[in-house]
Colleague: 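The structure's right below; bear with me while I get my questions together.
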2 protein chains.
Amino acid sequence: MEISTTPSGEARRIHGDDLQIMARVPLFAGLTPEALVDIAGQSQVSRVPRGATLFRQGDAAKVLHVLLEGQVALMAGVEGGGEQTMLEILDSGESFIAAALLTGKPYLMSAMALAPCRLMEIPRDALLTRLRANPDLALAMLASLSRHFRLLIQEVKDLKLKSASQRLALYLMGLTQRRRGSVTLRLPHNKGLIAARVGVRPETLSRAFAHLKGQGVGVDGQMVTIADLARLGRYCHEGREIV
Amino acid sequence: MEISTTPSGEARRIHGDDLQIMARVPLFAGLTPEALVDIAGQSQVSRVPRGATLFRQGDAAKVLHVLLEGQVALMAGVEGGGEQTMLEILDSGESFIAAALLTGKPYLMSAMALAPCRLMEIPRDALLTRLRANPDLALAMLASLSRHFRLLIQEVKDLKLKSASQRLALYLMGLTQRRRGSVTLRLPHNKGLIAARVGVRPETLSRAFAHLKGQGVGVDGQMVTIADLARLGRYCHEGREIV
DNA sequence: TACTTCGATTGACGGAAGTCAAAGTAAAGT
DNA sequence: ACTTTACTTTGACTTCCGTCAATCGAAGTA
């Protein structure tokens, strides 16, 4: 179940196409092509297979990870092991674990590849010198960190104030841009993973789906149909008393 | 119960002593005295009484707040109002709501003064230009944001993986630097506020305290005695099955 | 002293979600 | 096709915590 990444074996220098991908990464927004090349020259790109562990909670943070391609889950558990909870799912273009890197403290979470990934790894020292030299990079990094910060705050609020069914509804709403009418969508992960994302056990997820039938949500395997997005949106924001 | 702050009435320019306080604020760590004066010149200091609301969830973020003196609670609730949860308690020297300011989006939480406060307010534009001009400030801000980010991650982990009694134990451990032996300490707030901080109702807090008697924690009004800090620390990190 | 008020505690109850176990279903390998 | 395996659902039960209500105590006030 745990395939360890082998950076030395798979890592390599930057490929030409990677610069084009970098240009679309929010963290590098507004940087000059020269600055991109400069950063790329300091970094390595590695490929990891689905299921690989990128790093583990408690490890020392040595590099900033930028997800060029693929999908990564950030998980955390109690120190002893055992119970785990998922904190975030990252898609390509996201950078992650900036906070651990900047504070110089060990990772608070582990990262697992949900799909085959290509990752850019920027060494800590190289990043710090460039942050110092390049205000645009520093501001982009502040913006990126701020965005994740706010996602996390929303996460805490939802955990404390919403029911499992409401959190599932919020997750489903997050899978589409639309806010009204009806949609049919495919779940991007298996239900066990979605359960972890929503913050419940798989059994509870099943029951939450059953519960959402009353709100016009139908499930068939990976396919989910939402009869009325506006209605489901209202359900998400209901106070707890109205179930 | 809601005393609104009146920035126009109470705000004023920077006082000489404030510069010395600023020098001890982590956000301004490593800045030259000139830079401090520069920032101070752009900012205002306001005093607010205990119980005042500094800003409200949903307001537009216009200034960065730096708590020179006092104590502030950050709370959040569902949009409709009603239920609230506390996200963080800030002490003097902390800056807050950088994330809302940098993303340019409305506050996700409200801020309430738990004690009489003196606050420095740095306007958004002034801050952004100085972040651009001063790498030290940008790095300090990244460090500050990172620190809060990690606190929040820990918060999410604790909420998902620890029981109410364990979270209370963690809160108590946070009140002292020591990690072994026995201590007697005074609770810094009334129990209702502590309950909100721990993320439970006041009734549940009472029961959690009763539960912790079994771990050598005694309560008498505001005074709490912990017979064995190491033991309580172990209790905090136990898996859920061992109660 | 008596009265009010607010904070804290205690008890009884209910509901949401976790746990355990079993059964059902789908996917993959032989 | 048949087996094996993993994923998902369902049911019964437990536990934790929230809710409601009553009580108690301390602080302040008349």
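Below, chain A is the first sequence line, B the second, and so on; all start at residue 1.
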Colleague: How many whole angstroms separate atom CD of B:Q84 from atom P of D:dG18?
Modeller: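 The distance from CD of B:Q84 to P of D:dG18 comes to 16 Å, rounded to the nearest Å.
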Colleague: Checking contacts here: which listed nucleotide (C:dA8, D:dT9, D:dG18) is nearest the side-chain heavy atoms of B:V200?
Modeller: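 For the B:V200 side chain, the nearest candidate turns out to be D:dG18.
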Colleague: Whole-Å distance between C:dA16 C1' and A:L168 CG?
Modeller: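 For the pair A:L168 CG and C:dA16 C1', the rounded distance is 15 Å.
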Colleague: For A:E155, is there an ion pair with A:R197 - N to carboxylate O distance below 4.0 angstrom?
Modeller: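 Salt bridge between A:R197 and A:E155, a charged N being under 4.0 Å from a carboxylate O: yes.
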Colleague: Please report the distance, rounded to the nearest Å, between CZ in B:F209 and P in C:dT9.
Modeller: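 In whole Å, C:dT9 P lies 8 Å from B:F209 CZ.
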Colleague: Identify which nucleotide among C:dT19, D:dT8, C:dA12 has an atom closest to any side-chain atom of B:R207, counting heavy atoms from C-beta outward.
Modeller: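 The nucleotide sitting nearest to the side chain is C:dA12.
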Colleague: Figure out the CE/P separation between A:M223 and C:dA26, and round it to whole Å.
Modeller: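 So the CE-P distance, A:M223 to C:dA26, works out to 15 Å.
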Colleague: For D:dC17 and B:T204 - does any side-chain N or O of the residue sit under 4.0 Å from the phosphate oxygens OP1/OP2?
Modeller: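 B:T204 to D:dC17 OP1/OP2: no side-chain N or O under 4.0 Å.
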Colleague: Check this for me: A:R179, atom CZ, are more than 12 non-hydrogen atoms of other residues, nucleotides or ligands nearer than 6.0 Å?
Modeller: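 Correct, the count exceeds 12.
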Colleague: Rounded to the nearest Å, what distance is computed from the NZ atom of residue B:K191 to the C1' atom of nucleotide D:dG25?
Modeller: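 After rounding, the reported distance stands at 12 Å.
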Colleague: From CG of A:N190 over to P of C:dT25, roughly how many Å is that when rounded to an integer?
Modeller: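 Rounding to the nearest Å, CG of A:N190 and P of C:dT25 are 19 Å apart.
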Colleague: If I take atom CG in residue A:L161 and atom C1' in nucleotide C:dA17, what distance separates them, rounded to the nearest angstrom?
Modeller: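 After rounding, the gap between these two atoms is 17 Å.
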Colleague: Between C:dG18, D:dC17, C:dA8, which one does the side chain of B:A164 approach most closely?
Modeller: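 Between C:dG18, D:dC17, C:dA8, the one nearest the side chain of B:A164 would be D:dC17.
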Colleague: Excluding sequence neighbours, so at least two apart, what forms ring-ring contact (aromatic ring centres under 6.0 Å, His included) with A:Y107?
Modeller: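 A:Y107 satisfies ring-ring contact (aromatic ring centres under 6.0 Å, His included) with A:F55 only.
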Colleague: Tell me which nucleotide among C:dA21, C:dA17, D:dG18 gets nearest to the side chain of A:S163.
Modeller: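 My answer, after comparing the listed nucleotides, is C:dA17.
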Colleague: Quickly work out the B:R201 CZ to C:dG11 C1' distance and round it to whole Å.
Modeller: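 After rounding, the reported distance stands at 19 Å.
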Colleague: Between B:R147 and B:E94, does at least one N-O distance fall below 4.0 Å, as a salt bridge requires?
Modeller: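 Salt bridge present between B:R147 and B:E94.
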Colleague: Tell me if the side-chain of A:E203 makes a donor-acceptor pair with the base of C:dC20, cut-off 3.5 Å, by modelled atom types.
Modeller: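 Under the 3.5 Å cut-off, the side chain and the base do form a donor-acceptor pair.
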Colleague: For A:R178, give me all partners under salt bridge (Lys or Arg N to Asp or Glu O under 4.0 Å), at least two apart in sequence or on another chain.
Modeller: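 Per chain and number, A:R178 pairs via salt bridge (Lys or Arg N to Asp or Glu O under 4.0 Å) with no residue.
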